[in-house]
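Taking it in order: structure first as structure tokens, then the write-up.
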Amino acid sequence: MKNPKHWKLGGLFYYNKEDNRLIVDKPNPNYGTTLNFAHKKSYLFFIGMLCFFGFIVFIITITKK
């Protein structure tokens, strides 16, 4: 972990206003990536992902009837 003060909740969330990357690697590379929640577009990206997966679940539940 390069600078632990930018990682919140034990490395779960990354928040750094000086870093302009939207997606950053987690401290442990085995855990993948996360969003930089200080980036302006991160919340739009997060909401977009939620809507996309919510739509997929909606379509799956509708077609099972």
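The first residue in the sequence is number 1, and the count goes up from there.
When the shell of 6.0 Å around NZ of Lys8 is examined, it contains more than 12 heavy atoms from other residues, nucleotides or ligands.
A heavy-atom distance below 4.5 Å is not found between the side chains of Ile23 and Thr34. Counting heavy atoms from C-beta outward, Leu12 and Lys26 have side chains that approach closer than 4.5 Å. Between His39 and Leu35, every side-chain heavy-atom pair lies at or beyond the 4.5 Å cut-off. Contact annotation: the side chain of Thr61 never approaches that of Lys64 to less than 4.5 Å [non-hydrogen atoms, C-beta and beyond]. Residues Asn16 and Trp7 are not in side-chain contact: their nearest non-hydrogen atoms beyond the backbone lie 4.5 Å or more apart.
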Are Asp19 and Val24 close enough, and set up right, to give a side chain to side chain contact (heavy atoms under 4.5 Å, CB included), and what steps lead you there? CA-CA 9 Å; Asp19 191 352; Val24 295; 3.8 Å; yes
Passes side chain to side chain donor-acceptor pair (under 3.5 Å), Asp25 versus Tyr31? Steps please. CA-CA 8 Å; Asp25 292 330; Tyr31 294 150; over 6 Å; no
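Under the ring pair (Phe, Tyr, Trp, His ring centres under 6.0 Å) criterion, Tyr15 pairs with no residue at all, not counting sequence neighbours.
Clustering ILVMFWY residues whenever any of their side-chain heavy atoms sit less than 4.5 angstrom apart, transitively, puts Leu22 in a cluster other than the one holding Ile47. Hydrophobic clustering (ILVMFWY, side-chain heavy atoms < 4.5 Å, transitive): Val57 and Ile62 are in distinct clusters. Two different hydrophobic clusters hold Leu50 and Leu44 under the rule that ILVMFWY side chains link at heavy-atom gaps under 4.5 Å.
In this structure, Pro27 and Pro29 approach most closely via the heavy-atom pair O-CD, 3.5 Å. The nearest pair of heavy atoms linking Leu9 to Phe13 is CD1-CE1, 3.4 Å.
Between Phe37 and Phe46, the ring planes are perpendicular. Angles over 60° get that label, and only those under 30° would be called parallel.
How far NZ of Lys40 is from NZ of Lys17: 11.0 Å, rounded to the nearest 0.5 Å. In this structure, the separation between CD1 on Ile56 and SG on Cys51 is 12.0 Å, given to the nearest 0.5 Å.
A distance-only check finds no donor-acceptor pair linking the side chain of Asn36 to the backbone of Asn20 [under 3.5 Å].
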